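Basis for what follows: all heavy atoms, side chains included, without hydrogens, waters or symmetry-related copies. Because the structure is predicted, anything quoted here is derived from the model rather than measured.
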Amino acid sequence: MFIFRWLVKFFCLLGKILSYLSKAFIAVISLALMVGIGYFFLSSGQNAQVLPHSILVLDLQGNVHELATEQPFSLNMLGASPVQDTALHEVVAALKQAESDPLIDAVLLKLDKLDRAGIDSVRELGLALNRFKKTGKPVWAWATNFTQAQYAIAAHANEIYLHPMGSVGVKGLSSDRLYYGDLLQFFGVNIHVFKAGAYKSYPESFTQNAPSKEWLEAESAWLSDAWKSLRFDMEQSRGLMPSSIDRFIAQLPALVAKADGNMGQTALNANLIDGTKTFDETKKLLEEKLSKGQKNKYNYLSVYDYPLLNIPNGTEPVAVLVAEGEIHEGLSEPGIIGSETLVEEINSLKENPHVKAVVLRVNSPGGSAVASEMIRDALEHLKQAGKPVVVSMGDMAASGGYWISMGGSEIMASPVTITGSIGVFGLAPTFEKTLQLAKIGRGSVATTWLASAEKATGPMDPRLESILTQSVARTYRDFTNLVSQSRHLPLLQVQKVAQGRVWTGNQAQNMKLVDRLGEFEDALLRAKSLANLPADAGYYFVNSQTENLTSMLKSSLGRWSNPLSRIQAPALLEQSLDALNSPTVQGLLSGAPGIYAHSLIYLQP
C-alpha cells in the first residue's frame, strides 16, 4: 500500500509542476506578444534615412538566396528574426538605385560574414557592381580574410584591401561527397536502387564506399568549365593576365616562402589586392580620396538599412516567379518548392490581367518527378493563355529543376549554371537484416501481397521490385520525350546528352538544352520583347515561400541538433548532415517508394 500512496503523491506533485509550468509558459508568451506588438508599432514608424555623403556598405551575411523569406504579420509582431541571409535581388536592386542616388558617394564591400554563395549569384553581384562603377562612383572592398566566393565578388571593386594578418583564399573548385554504403551495410540496411541514366549518381552515396567512374568523369568536365569562367571573371576584373590565378595557386608554397610566411603580402605581390590595412585605415583612405580636400562627414549605411524606393505594387506587366529549393508535392516553405503552392501562383498569374509576361527564376537541384511535372504542366497552360514564360536559370537548375524549366517559352542560363542531370531514380531501404542484428523478430498478416510489400521491416518482394523498375524506366522515357519535344531535338540526341549527366550553362547551350546564355536582367528584357513590351516596363517578384512557426522551429532545431554547426568541423561533414536532413533524403529513408529527379551536388566556390 505504501508504494501506491507514494505514486499518488508523486503524480499529484507532477500535476502541480505541469500546471505551474503551463501558466508560466502562457505568461511568457503573453509578455512576448505585448513586447512584440509594442516593438512593431514603435519601429513601424521609423524609416532609415540616407544622409548626404553616404557610403553604402555591402556587409553581406549568411547564405545568398534569390529572395528574402517572407514572414507573416503575427511573427513580425513577436519580433521573430531568423538568421540574417542575403537576398540576391534585393542587393542588386539596392545597387541599381544607388547608381542614381545623389546621396550615395561610394560602395564599400565588407564580406567577412558572407558564408555561401553559388557561382551564378557571385556573377550576378559582380555584374551589378560593374554597372554601379560605370557611374563614376568607386567600389572598395575590405576583409579580414577573403574566402574564394567573397574574393570573386570583391574582385569587381576598384580597390581591395586586406587586414595585415589576413589571406586571400582563391583555390579552385571541387565537388565532394561522402559515401555511406559500408556504414548502412554495417547496420544491416539494404538499399534497393532503381535508376535510369548511367550518370545519375545520387543513389551511389547510399550504396557505395567510393565514387563511380561516371561521377568522376562528369564532375571533372563541368567543374573545369565552371572554374574557367570563374577564374576568367576574377582575372578580368583585376586586370590580371590570363591563367594568372592558376599560376598563383600552383606556385603558392614558393610565393608564401618569398613573403616570409606573410599571406597578405603574398596576395599583394600577386596583385590580388591593393594593400594591407586595418578597417579603420581603409575607411580613412577612402574618405580622403572621396573628399578631395573638402571636409565632408561620411555616413556608412548598411545595405540592409538602405530604403528601396518605387517598390512594385503587383500591377506591373512582368511577373518574376521564383522557384528556389527542392521540389516536392504540397505547400512551399523556405528551401522547398511546393507544387501545390507554385501551381496556384502560376494559375493566378494566368488570370491576372495586368501580367503580360512571366520570368521563372529557377534555383533548384530537383526533387519529386510528379511535383516537377505538375509545375511544368501549369506553365504550359500559362503559355497557352498567351503569356510568354522566359526561364532564368540561377546557380542550379538540375534534374527536376530542368524538368520544370521545359515549361518555358525560352530557357536562358548563366554560363556557370549547373543544369541537365536528365535522369530519374528511386531508392527503397529495407531493414530486415537490421532487425536480425538487433535480435528483433517480425510477424505479418495481410489480405494481399501488396498490402505488406511496402513494409521496410521485411525483404523487398520481387513483384514490387519489378513495378518500381518499370515505373522508373517509364518516368525516364517521359522525361527524355519531354526534352525532345520542348527542345525540338531528336530523341536519340537527347538520350546521348541525358543519362543523368550534369552540365554547365555553357555546355548546355552547345547541346541545345538551353536557348541562350544570359543573366537575370537579360531574361527580363527577353520576356518584355516576347510580350511586345517596352524595355523599361516594370516587373515585380512573386515569392511563394512564406516563413511560418513550424518551418522556423524546424530550421532552428535542425541547426541546434547539428553538432557540426557548433564546432569548427570540415564543411563537407556539415553539408552532408544538412543533405541528410533534406526532405528528399528523409522521404527516401522513410521507406516510402518514390521517384525523384534530383541532383546531389556539394559545391562552395
Point to revise | Worked check of salt bridge (charged side-chain N to carboxylate O under 4.0 Å, His left out) between Glu235 and Arg231 | key: CA-CA 6 Å; Glu235 290 169 345; Arg231 186 199 67 208; 3.7 Å; yes

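- Side-chain contact check for Thr417 versus Val514: every heavy-atom pair is 4.5 Å or farther apart.
- Taking the side chain as every heavy atom from C-beta outward, Tyr596 and Phe425 approach each other to under 4.5 Å.
- Just one of Val122, Val168, Leu173 meets the side chain to side chain contact (heavy atoms under 4.5 Å, CB included) condition when paired with Gln148; it is Leu173.
- Arg376 and Ser486 are not linked by any side-chain donor-acceptor pair at a separation below 3.5 angstrom, with hydrogens and angles left out of the test.
- The shortest heavy-atom contact between Ile467 and Trp449 is CD1-CH2, 3.9 Å.
- No more than 12 heavy atoms of other residues, nucleotides or ligands shown are found within 6.0 angstrom of CZ on Arg474.
- For the pair Arg361 and Leu88, the minimum side-chain heavy-atom distance is below 4.5 Å.
- Inter-residue side-chain proximity for Ser392 and Arg526 is flagged as unmet; no heavy-atom pair is nearer than 4.5 Å.
- With hydrogens and angles left out, the side-chain atoms of Asn506 and Thr504 include no donor and acceptor closer than 3.5 Å.
- For Asp246 and Trp227, the side-chain atoms include at least one donor-acceptor pair closer than 3.5 Å.
- A 6.0 Å sphere centred on CD of Glu344 holds no more than 12 heavy atoms belonging to other residues, nucleotides or ligands.
- Residues His89 and Glu66 form a side-chain contact, since some pair of their non-hydrogen atoms from C-beta on lies under 4.5 Å apart.
- Within 6.0 Å of CD in Gln251 there are more than 12 heavy atoms belonging to other residues, nucleotides or ligands.
- Proximity of Glu326 to Pro365: side-chain heavy atoms (C-beta onward) are separated by under 4.5 Å at one or more points.
- The local environment of OH in Tyr179 is crowded, with over 12 non-hydrogen atoms from other residues, nucleotides or ligands closer than 6.0 Å.
- At least one side-chain heavy atom of Arg177 sits less than 4.5 Å from a side-chain heavy atom of Trp215.
- Residues Ile375 and Ile337 are in side-chain contact: their nearest non-hydrogen atoms beyond the backbone lie under 4.5 Å apart.
- Looking at Arg501 and Glu217, a side-chain N of the basic residue comes within less than 4.0 Å of a carboxylate O on the acidic one, giving a salt bridge.
- Glu345 and Thr341 share no side-chain donor-acceptor pair at under 3.5 Å.
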